[in-house]
2 protein chains.
Amino acid sequence: MSLAQIRYFVTVAEEGHVGRAAARLRVAQPAVSRQIRSLEDELGARLFERTPRGMRLAAPGRVFLDRARRILADVDDAAEAVRASVNTPSCARC
Amino acid sequence: MSLAQIRYFVTVAEEGHVGRAAARLRVAQPAVSRQIRSLEDELGARLFERTPRGMRLAAPGRVFLDRARRILADVDDAAEAVRASVNTPSCARC
DNA sequence: AGGCCCGAGATCCAAACGGCATTGGACCGC
DNA sequence: GCGGTCCAATGCCGTTTGGATCTCGGGCCT
């Protein structure tokens with residue numbers, strides 16, 4: 001499992017379409033498709049139901065979505081906190 | 001930033017040595033060394049002080065460590081939650 | 001039936017990663 | 001002072017991973 005996979009998953013869940021998610025992520029559609037599938041394989045659960053009109057969250061996908069968002073938020077927060085700590089008087093030379 | 005980098009970072013912080021961390025992670029020492037450096041570059045902060053006896057957490061590293069641990073815990077928890085949800089009566093076929 | 005979306009698969013190529021061997025620097029005992 | 005030791009960092013190479021492009025399969029709608 002990688003952070004990219006988690007980002008792809010959240011975007012697909014929000015868009016409901018692999019293609020549109022790919023556009024938002026500035027990546028080609030097959031890349032997203034593959035990562036989602038690989039994530040499902042690793043978790044051993046089908047996160048989306050494939051319909052001819054797009055992707056709809058399955059039950060395990062709903063379970064995963066909240067936690068995925070939190071992970072991404074934590075990552076951003078961690079990076080932000082470190083960058084902020086560098087510009088702190090107590091950190092003379094980092 | 002990748003989950004591997006975060007794992008490497010936490011392990012090095014715990015061990016205080018790149019070499020020992022690498023052994024625990026079952027990878028070679030240069031791999032860990034490079035990932036740590038790349039992480040520092042991306043965050044724009046020196047996370048460790050290099051001493052001739054090993055690595056010691058710098059101030060930004062201490063800031064990052066707590067959050068890094070939380071991210072890893074969240075990832076494990078998310079995977080666990082999904083796997084658990086698959087073996088639930090309400091999830092007939094996933 | 002024909003066109004149309006949508007996701008999935010195949011193939012190719014570039015970037016990333018890891019392993020090995022080696023270097024460079026600080027400390028130790030002699 | 002000098003060789004030995006321990007540490008992280010770097011150069012080089014083989015392998016792997018990920019993305020781009022092109023293409024296919026399958027519902028849907030008119």
Side-chain angles (χ1 to χ4, degrees), chain A residues 1-61 64-65 68 71-72 75 79 93-94, chain B residues 1-62 64-65 68 72 75 79 93-94:
Chain A
M1 176 157 30
S2 73
L3 291 177
Q5 285 174 332
I6 299 177
R7 272 186 216 108
Y8 288 10
F9 165 79
V10 171
T11 309
V12 170
E14 286 173 357
E15 294 289 340
H17 293 260
V18 172
R20 227 192 295 279
R24 234 180 74 189
L25 292 160
R26 308 276 179 189
V27 184
Q29 169 257 319
V32 177
S33 184
R34 251 206 338 213
Q35 292 298 325
I36 296 292
R37 189 155 280 274
S38 150
L39 181 60
E40 288 180 322
D41 286 353
E42 183 180 344
L43 294 172
R46 189 162 292 260
L47 300 173
F48 293 102
E49 293 168 21
R50 273 75 168 171
T51 82
R53 317 258 297 276
M55 315 273 278
R56 215 174 59 241
L57 267 180
F64 192 63
L65 181 57
I71 292 166
L72 296 182
V75 168
R93 167 62 194 82
C94 301
Chain B
M1 174 157 31
S2 73
L3 291 176
Q5 285 175 330
I6 299 177
R7 271 187 218 107
Y8 287 11
F9 166 79
V10 171
T11 309
V12 171
E14 287 172 358
E15 293 290 341
H17 293 260
V18 171
R20 235 195 299 280
R24 236 180 72 188
L25 292 160
R26 309 274 181 190
V27 288
Q29 170 257 320
V32 177
S33 184
R34 268 197 291 256
Q35 292 298 323
I36 296 292
R37 190 155 280 272
S38 151
L39 180 62
E40 288 180 323
D41 286 352
E42 183 180 345
L43 293 173
R46 191 163 291 262
L47 301 174
F48 292 102
E49 292 168 22
R50 273 76 169 171
T51 84
R53 317 258 298 276
M55 315 272 278
R56 215 174 58 242
L57 266 180
R62 279 191 293 274
F64 193 62
L65 182 56
L72 296 182
V75 168
R93 165 63 195 78
C94 300

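In what follows, every chain begins at residue 1, and chains take the letters A, B, ... in the order their sequences are listed. Keep in mind that the numbers below use all heavy atoms, side chains included, and drop hydrogens, waters and symmetry copies.
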Handout entry: Heavy-atom check, side chain of A:R7 versus side chain of A:L3, under 4.5 Å
Key = yes
Fill in the blank from the handout: Contact span of DNA chain D against chain A, any nucleotide atom under 4.0 Å from a heavy atom, 5' to 3', runs D:dG18 to D:dC28
Completion exercise
Here the pair of heavy atoms bringing A:V10 nearest to A:A68 is CG2-CB, 3.7 Å
Practice task
Kindly check if the number of other-residue, nucleotide or ligand heavy atoms within 6.0 Å of CZ (A:R50) is above 12?
Solution key: yes
Exercise for the section: For the pair B:V27 and B:Y8, evaluate side chain to side chain contact (heavy atoms under 4.5 Å, CB included) and give the outcome as yes or no after the intermediate values. Expected result: CA-CA 10 Å; B:V27 288; B:Y8 287 11; 3.8 Å; yes
Exercise for the section: Pick base, sugar-phosphate or nothing for A:F48, based on heavy-atom distances below 4.0 Å to the nucleic acid. Expected result: nothing
Problem - Aromatic ring pairing B:F64/B:F9, orientation class (parallel under 30°, perpendicular over 60°, tilted between) - result: perpendicular
Handout entry: Which residue lies more 5' along DNA chain C, comparing B:V27 with B:P52 via nearest heavy atoms
Key = B:V27
Completion exercise
In terms of heavy-atom contacts, B:G54 and B:H17 come closest through CA-ND1, 4.2 Å
Exercise for the section: Side-chain contact test, heavy atoms from C-beta onward, threshold under 4.5 Å: evaluate it for B:I36 versus B:V18 and give yes or no. Expected result: no
Exercise for the section: Ignoring hydrogens and angles, tell me if any N or O in the side chain of B:E40 forms a donor-acceptor pair with the backbone of B:L47 under 3.5 Å. Expected result: yes
Exercise for the section: Remember a base hit wins even if backbone is also touched, and classify A:A28 as base, sugar-phosphate or nothing at under 4.0 Å, heavy atoms. Expected result: base
Practice task
Please check the phosphate of C:dA16 (OP1 and OP2 only) for any side-chain N or O of B:Q35 closer than 4.0 Å.
Solution key: no
Exercise for the section: Can you check each nucleotide of nucleotides 7-13 of chain C against protein heavy atoms at under 4.0 Å and return B for base, S for sugar-phosphate only, - for none, in 5' to 3' order? Expected result: BBB----
